[in-house]
Each structure stands twice: as structure tokens, then as C-alpha cells.
Novice: 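Below is one structure. I have some questions about it.
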Amino acid sequence: MSAPDLTDAERAAVQAVLHTPQLSFGPQTLAFERAIAELTGARHAIAVNSGTAGLHLCVRAAGLGPGDLALTTPFSFMASSNVLLYEQAVPVFVDVEPQTGNIDPELAAQAAADLASGGAAARRWLPRRGASGSAALKALLAVDVFGQPADYDPLLETARAHGLKVIEDSCESLGAAYQERPAGTLGDYGVFAFYPNKQITTGEGGLIVTDDDAAADFMRALRNQGRAPGDTWLEHTYLGYNYRLDELSAALGRAQMGRLEELLAKRQRVANWYATHLEGLPEIEQPFIAASTTRMSWFVYVVRLPKGSDRDGVMKRLEAEGIPTRPYFAPIHLQPFMVERFGYRAGDFPVTEDLGARGLALPFSSVMTEGQAAAVCTALAGAL
Ligand SMILES: *Cc1c(COP(=O)(O)O)cnc(C)c1O
């Protein structure tokens, strides 16, 4: 489905770390953080050992605790909701825009207003069980789906009106821009991820950006076993974690950051090939780029099959030709433990479910050739 894009620069960078005694918390981590701070213009960049860990620290920084509510969407990777559950907070799902798959800002505004007014109006946004109608809405966790920023201007207006912290899950959107503003910097905190299928990789890894000095200090402490500035190795001011990124991973990430423009351009080129070779297949819906997206950072290439088509059959026929494809995303609210805990049912979030049922991620990476993209499209036409 994807492949990392590595050169001798990355190999040499990792090798060089092995010639030093410092394998964690050293110059590579600082340089990697600096590179992303420069890219985004954020005051603080905090490297962690996964995107999920980064999102979890943002949930802590936002002050979410047991029973607190956060607006988010069920059309995402599981981790964006799990990080709320880690703190016993409750995701309040709102459905997504059909074209982009990003959170629908009008629904988010309506949900925030209804939750503030309480009673029956609030109840209709809450899950059937597992949430209290009198709980406080404290945050909005938006996801930049498939490398495209959500529609932040109206979302930030809602957040301001209701005093919500905004967490930006930019794990799929490193390098993207919304109205010329860098993805990751649109809310109070933004998080990038570096699993091997992302735009750049560290093996495993993630990074938080924020302009909030106090939150940055707090999250730096939490990633390092709760050691506040001035704490010794065995002093722990807070309940923390080992969410540190190691130096080998940071060196890899730093070398990849040196190639970011090249990598994003190569991904854009592959997306263009797909768009061209899919032109002859009008029944296939291609990815939609909103006008507010001033730079797309292609993470995956997800097309939508026509309503009622046999996606499993299409996938099987493609697999038989050696072409892997995947459903993407599977709706979060229908995952077994979410159903058990909150009582969700099929039909609760129709747009998410429709996108989930028809979406098909095609093989995608910066190392693909035009011949491969063309072969995927030919096979897809046959399979349909
Ligand atoms: C990749 C991803 C994450 C988490 O990343 P990990 O580094 O695998 O923990 C979170 N949210 C979204 C939307 C992602 O795509």
C-alpha cells in the first residue's frame, strides 16, 4: 500500500548516531524539533514517540478529565478518539462534510450551542449511554483527513464562542496549508505523526506544535515521566509517561525533513497521475480539494466507488492482480468497544458511514511510478 522513501542521507544520519553515546534526548531530537518549528512557524515543537502519544499529551494539556466532552468526528483513525477515552473524557461525534470527510463546521457550531443550552437539545448529540447531559464541553478535536486541513475559520469561531481548546490532529497533513496557514498551527495544539506510511517517517514517532508556553512546558514534562523543569531524574511533579523519541528516530526524521519539499512534490505527482488515469472512469469519485486548502499534503489517495457497488469484490479482484487496496476509514463509532460502551448503531452518522462504505485507498507513496499508477487504474476499471 505504501513504502517509505529513504536515501543514503537517511542511512548515514542514523549510522552517525550509532557513533555517539547519546541515544536518547540529544542533539538530533532538538534539531528535528527545530526543523518542524521552522516549517510551521510554531513557538514550540515537542517530539514524542508516536502521533497517538502526542494527541494524548494535548488531551492532558487541554485539561480534559473524566466525563468531560470533546467534539470530534467518527471519520478518522481510531487514535483520535482513543486519546479522549484514555482520560475518561467522552467524544461527542458530529458528522463530516461529504466532499472532504472533514468535520462539518455547521454541525460543530450547532452541537456546541445545544450542549451549552443543556436538556433535550444537548441530549441529541450525546451517545445513548456513557455520557452525562450535565457534563462540560471543553474541547474540539479536529482531524485533517487524508492530508487536507479541516475548515478552521468557522471551527475557531465556535471554539472562541464556547471557550473550547482546539486540538488539531494533523497526523496526516504535515506540510499542508489552510488559507496559507500551516497545518498543525490552526488550533491551540497540533500533532504530526511519522509512521512509515506518512509523508515523512521516523519509524515510529510524532511531534506536537504549540504557541502556548505553559502547555509546552507541561507536555515536555509529561513526555519525560512527569519531570517538570528543575526536577531531577527521580523527581516527578506530574503523572507522566515515557513518550520520548529516541535519537536514531530523530536523526531519521531530521534527514527526511531535509527532503520534505521533494517528498511532497513526488506525492503530488503521483496524485496527478491517478487523477489523469482515472479520467476515463467517471463513476469513480476522486478526492475533492476545498478552496480553503491552499496546499494539499497528499497522505493517501482514497477514491469512492459508486453507491451500491461490491467493494469487497473489487478489492478481491485487484488483490488477484497483485494490487493491494484498503477500505479507509472504518467508522469509529461502529468499532466493537465503542458500540459496547456508548451504544452506537449503524445509521447514527450517515455521511461517515457512506464514506466508510464506499472509500477505497489505492496504493500510494512517493516512490510509485506513473506505470504503476496507470496499472492500478486499468485494473480498477476491469474490477468494476
Ligand atoms: C497516523 C494517525 C494517527 C496516529 O499516529 P501513530 O503515530 O500511528 O500513533 C492519529 N490520527 C490520524 C488521523 C492518523 O492518520
Side-chain angles (χ1 to χ4, degrees), residues 1-4 32 36 45-60 62 70-87 91 93-94 96-97 100-103 139-150 152 166-176 178 183-184 186-187 189-209 219 222-223 241-246 249-250 252-253 256 267 287 296-302 326-333 335 338 352 355-356 359 361 364-365:
M1 282 300 293
S2 73
F32 182 47
I36 296 205
I46 304 160
V48 289
N49 53 20
S50 74
T52 307
L55 288 167
H56 183 200
L57 295 189
C58 295
V59 168
R60 288 280 311 269
L71 293 177
T72 190
T73 69
F75 190 65
S76 177
F77 182 62
M78 196 68 228
S80 63
S81 287
N82 282 353
V83 295
L84 297 166
L85 301 183
Y86 295 164
E87 296 303 322
F93 291 133
V94 301
V96 295
E97 299 174 326
T100 61
N102 282 328
I103 187 168
L140 184 154
L141 193 161
V143 183
D144 299 341
V145 167
F146 305 159
Q148 169 157 243
Y152 284 95
V166 177
I167 301 171
E168 182 178 2
D169 180 343
S170 300
C171 291
E172 304 193 345
S173 63
L174 179 72
Y178 172 82
L186 297 154
Y189 334 99
V191 180
F192 302 111
F194 311 118
Y195 187 72
N197 66 342
K198 311 276 177 177
Q199 288 89 337
I200 69 162
T201 188
T202 58
E204 296 283 359
L207 187 142
I208 306 156
V209 288
M219 292 191 282
L222 294 194
R223 89 173 153 179
Y241 317 89
N242 179 355
Y243 282 171
R244 297 184 299 262
L245 188 68
D246 64 88
S249 301
L252 174 53
Q256 289 256 283
R267 295 176 90 94
M296 181 72 184
S297 172
W298 288 94
F299 167 56
V300 281
Y301 201 88
V302 179
R326 296 281 183 277
Y328 203 64
F329 296 111
I332 288 177
H333 64 288
Q335 298 295 328
M338 295 295 288
T352 290
L355 302 187
F364 190 76
S365 75

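Position 1 is the first residue of the sequence, and the numbers go up from there. Just follow the structure's listing: the first ligand is 1, and inside any ligand the first atom is 1.
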Novice: Determine the minimum heavy-atom distance between H333 and M338, stating which atoms define it.
Specialist: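 For H333 versus M338, the nearest heavy atoms are O-CB, 3.8 Å.
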
Novice: Which protein heavy atom lies closest to atom 5 (O) of ligand 1, and at what distance to 0.1 Å?
Specialist: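 Going atom by atom, the protein heavy atom closest to atom 5 (O) of ligand 1 ends up being A193 CB, 3.5 Å.
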
Novice: Between S76 and ligand 1, is there a nitrogen or oxygen pair with a distance under 3.5 Å?
Specialist: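 No; every N/O pair is 3.5 Å or more apart.
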
Novice: Can you tell me the protein heavy atom closest to atom 11 (N) of ligand 1 and the distance?
Specialist: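 Nearest neighbour among protein heavy atoms for atom 11 (N) of ligand 1, to 0.1 Å: D169 OD2, 2.8 Å.
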
Novice: For atom 7 (O) of ligand 1, what's the nearest protein heavy atom and its distance?
Specialist: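 Answer, as residue, atom name and distance: G51 N, 2.8 Å.
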
Novice: Heavy-atom distances under 4.0 Å decide this one: backbone, side chain, both or neither, for S80 against ligand 1?
Specialist: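 Neither; nothing of S80 gets under 4.0 Å from ligand 1.
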
Novice: Tell me yes or no: between the side chains of D144 and Y152, is some donor less than 3.5 Å from an acceptor?
Specialist: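 Checked: D144/Y152 side chains pair up, N/O donor to acceptor below 3.5 Å.
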
Novice: Just checking, is any N or O donor in the side chain of Q199 or S297 under 3.5 Å from an acceptor N or O on the other one?
Specialist: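 Yes, a side-chain donor-acceptor pair sits under 3.5 Å.
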
Novice: Need the ligand 1 atom indices (1-based, order shown) with element for anything under 4.0 Å from a heavy-atom of S50.
Specialist: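 With S50 as reference, the close atoms of ligand 1 come out as 7 (O), 9 (O).
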
Novice: By number and element, which atoms of ligand 1 are closer than 4.0 Å to a non-hydrogen atom of C171?
Specialist: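 Listed by number with element: 2 (C), 3 (C), 10 (C), 11 (N), 12 (C), 14 (C).
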
Novice: Is a side-chain donor or acceptor of T72 paired with a backbone partner of F93 at a separation under 3.5 angstrom?
Specialist: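 No; judged by distance alone, with no hydrogens or angles, the pair does not exist.
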
Novice: Do you know the tightest heavy-atom contact between L245 and G205?
Specialist: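 Distance-wise, the nearest heavy atoms are CD1-CA, 3.8 Å.
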
Novice: Among all protein heavy atoms in this structure, tell me which lies nearest to atom 4 (C) of ligand 1, with the distance rounded to 0.1 Å.
Specialist: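 The closest one turns out to be T52 OG1, 3.7 Å.
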
Novice: Which atoms form the tightest heavy-atom contact between T352 and P331, and what is the distance?
Specialist: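 Heavy atoms only, the tightest pair is CG2-CB, 3.8 Å.
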
Novice: For atom 2 (C) of ligand 1, tell me which residue out of M78, K198, E172 has the closest non-hydrogen atom.
Specialist: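 Ranked by closest heavy atom to atom 2 (C) of ligand 1, first place is K198.
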
Novice: Do you know which two heavy atoms are closest between F77 and I332, and how far apart they sit?
Specialist: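 Looking at all heavy atoms of both residues, the shortest contact is O-CD1, 3.6 Å.
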
